[in-house]
Amino acid sequence: MSMSLDEEAITSGSNDGIGILNSLPGLVWTTDETGTLRYANSRFADFTGLMIEQGGSLPLASFLHPDDQLLTVAAKKDAQQGGVQLFATLLRRRDGQFKLFNLSASPMNGPGGDVCWLATERLERIDNQISNADRDFRNFLDSLSLQALLLTPTLELEFANQAARRWYGSSPGVPMQDRPANFNLGNLEEIAFQLQAGQNRNEPAVVSYQALSADGTLRWLEAHVTPIREQSGELAGYCVLQTDTQDNQEDSFLLGEEMEILEMIARGAPAATVLQRLCDVVEDLVPDLVCGFLELSLDRKLFRMGAATRLPGEFREIFDGKSVISDKNPCSTAALTKRTVEIENLAESDQRETSMGEIMLANGLNYCQAIPILSPYGNTAGIFAILRHQQANLEPREQQIVDRAKHIAAISIDRTRHEEALVRRETQVERSQAQLVAAQRISSTGSFTSDIQRDENIWSDEFYRIFDLDPELEPSIDAVRERVHPEDLDLFDFEMKRGFAGEDADFVFRIIRTDASVSFIRGLARVTHYIGDHPVFMGTVQDITETRRAEDALRRGEEALLKAREELAYVSRVMTISALTTSIAHEVSQPLSGILANANACVRLLALDPPNISSATDTARRTIRDTMRATEVIKRLRAMFNRQSPAMEEIDLNEIAREVIALSARDMREKFIVLEARLTPDLPPVSGDRIQLQQVILNMVLNGIEAMAEIDGRPRRLLVRTALASEDMLTLSILDAGVGIAADAADKMFEPFFTTKRNGMGIGLSISRSIIENHGGRMWAIPNDGPGATVAFSLPSLGKPID
Ligand code: ADP
């Protein structure tokens, strides 16, 4: 076979041109601008059986499959414009059979549109099996926007559609199968192995892997790998459909991270941990960016370092625990204004002097954005600081990442704050609950809420304890009723009936506890609200047994005291009167001796002859008078000694004073005491017990007498006065010229058992004061201007004067 050679056209003058062309592992030919075959190498001639005469030409149709001819025209055009096309094509062998070749077209140097073609043989199998159906399939794949690859069972690349070729890019002169690395076939091998071994042999496998794209960057691809089988079931290869998921990958990475971070928040991870993670994600996804989160205290006065993975350590120092207004740095300004602060060129801004600016510049960071993180109430809850070495606008995708991070940070910070507030509130609630329990315990008070009509009740622990009920027991009115003392059941039922009608309650009833002891319970209930038309009560139950006992004891004590006081008063009265015994005896014996003398005289006068009737009558009258006098004294004494319970009556103060004076008159005379009575006439009456009030006056008189017992050198004068002190008060005062009283004794005198007398008991005045006070009056003592003392009492008057 001879071949003419247009060396110039192919090798641009290289003498070795023919040798090189012939040594190429493929068929080589050239076409001119008309597409006519001008040159072919010996392998071409061997394969096709065609020869080009010197200066002759060959039509493409003579060796190209009809379907590929158009493709070849397009490829030639591309090649002429400088591109290299690589595609599969069918060439006719000399025996008429078509075989599959990878065909590439490259422009030739020199004028004209000459193109050099290189066809390298494809696998025998494909050559044999390529059919029109396959070709249709490939055309179909080419029309797809997703990348499609066909692989042999041994994972050699057989076909790549246009989208795939575009994605991988085409390097001039490098056949596709020489770039297996680009396809990261190692991954596919593993997938294929699994596909072959796995159960679902015909199921597509989905795999993600990174590959070098046309622009030289490693990008993520997601591939669906489907095994292709012969009718016999034998594996014929793989169809790989893949999409560039780099952007999605980042999105789904962010999404995945987002999910995890949100889960962290939901699990209650501390804000610092969450923010730390957010920092990492943002820094991983956005190149040349360091970021940090600052949190603000609840009162928005202090910064707290939330997280900063790659920020210089000094950042923590200048912000953590520091006042928001201490420095006018971007973060503070953003916190105060709630607006994002952006410093595009820090070195030339007025912020370079701030502590934050200095640290940034020292670390070569010249750009910053301080983004406020707002709470749901619109307050600044934190700051998201983004720092870069130099200003660079965030791409939309990066902006989105930053926005989402800010959003998540807001959720986390808000959550933490809520929890802090919640914990604080919970502790408060717990504390007040504990206080309530303690208070209920101490005061023996249980509380309850009751919808009495529905018998829906809530009882406090103390309620259970008071009623001696099992704490596990379901609250019910019957449970309480079972404890009620049989004698109080009617009362209890009555009150429940009133409660049913929505009336408040306040009543005391008894219960019998399991140990048979009886407790007094005071139940108090008020309607607090209505559910529908059901009244709902809130109330308390108080165990008042102890109080009751104490009250009883007190009452009994008071009764005993009263009795003792009465005894004492009696004793004191007896004693007071006994002080008068001598003079009283005299008082009685005097009329008695008068009676005796007069009776004797009377007898004598009547014995005369004639009897002296008129004189006898006079003496008899004197006898009667003396008898009456004696009777009067005895009557008074009996009254004074009488142990009667107090009886209130209208009393004329002047009258009882006169009676007392009469009783003690003789005693005074004997002791050389001059008594002066200045009793104001027409005084209104007082209400009182005659005997008790006389006892008081008598005691005062006797004390006055005793105070003057030793006095010589001045008149022993006792002045008894009654007066209307005010419209409704009467006073009785007794002034003496006795020893007087020391300044501090004026009150002490009234204390029980205070006495300055050798035989005194010191109870007279104390009893007198309590008698007067029981009558609604007052009793007091004062030293006189001159010698002696005045002791007095006042009593409320009954208003109208005595007739
Ligand atoms: P007693 O007369 O048994 O001492 P009282 O209660 O009547 O008991 O009086 C208490 C004390 O008050 C007397 O011991 C006396 O020191 C003082 N006292 C009472 N009345 C007078 C008075 N008119 N002048 C001076 N001291 C008096």
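All ligand and atom numbering here is 1-based and tracks the order in the structure.
With respect to K497 and D493, no salt bridge is recorded, no charged nitrogen being found less than 4.0 Å from a carboxylate O. Salt-bridge check for R778 with E773: failed, with every basic side-chain N at 4.0 Å or more from each acidic carboxylate O.
Judged by the 6.0 Å and 45° rule, R716 forms no cation-pi pair with F672.
Evaluation of the ring-ring contact (aromatic ring centres under 6.0 Å, His included) test over residues 420-449, restricted to residues two or more places apart or in two chains, returns F448-F463.
Counted by atom type alone, N457 and S450 present one or more donor-acceptor pairs between their side chains at under 3.5 Å.
Side-chain contact between R483 and I512: absent, with no pair of heavy atoms (C-beta onward) separated by less than 4.5 Å.
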Taking a 3.5 Å cut-off between nitrogen or oxygen atoms, can you list every pair linking ligand 1 to the protein, with distances?
| unit_1 | atom_1 | unit_2 | atom_2 | d |
| --- | --- | --- | --- | --- |
| ligand 1 | 2 (O) | N703 | OD1 | 3.2 |
| ligand 1 | 2 (O) | K757 | NZ | 2.6 |
| ligand 1 | 3 (O) | M761 | N | 3.0 |
| ligand 1 | 3 (O) | G762 | N | 3.0 |
| ligand 1 | 4 (O) | T755 | OG1 | 2.6 |
| ligand 1 | 6 (O) | G764 | N | 3.3 |
| ligand 1 | 6 (O) | L765 | N | 2.8 |
| ligand 1 | 7 (O) | N703 | OD1 | 3.4 |
| ligand 1 | 7 (O) | N703 | ND2 | 3.0 |
| ligand 1 | 8 (O) | G762 | N | 3.4 |
| ligand 1 | 14 (O) | T755 | OG1 | 3.2 |
| ligand 1 | 14 (O) | T756 | N | 2.8 |
| ligand 1 | 14 (O) | T756 | OG1 | 3.2 |
| ligand 1 | 16 (O) | T756 | OG1 | 2.3 |
| ligand 1 | 23 (N) | D736 | OD2 | 2.8 |

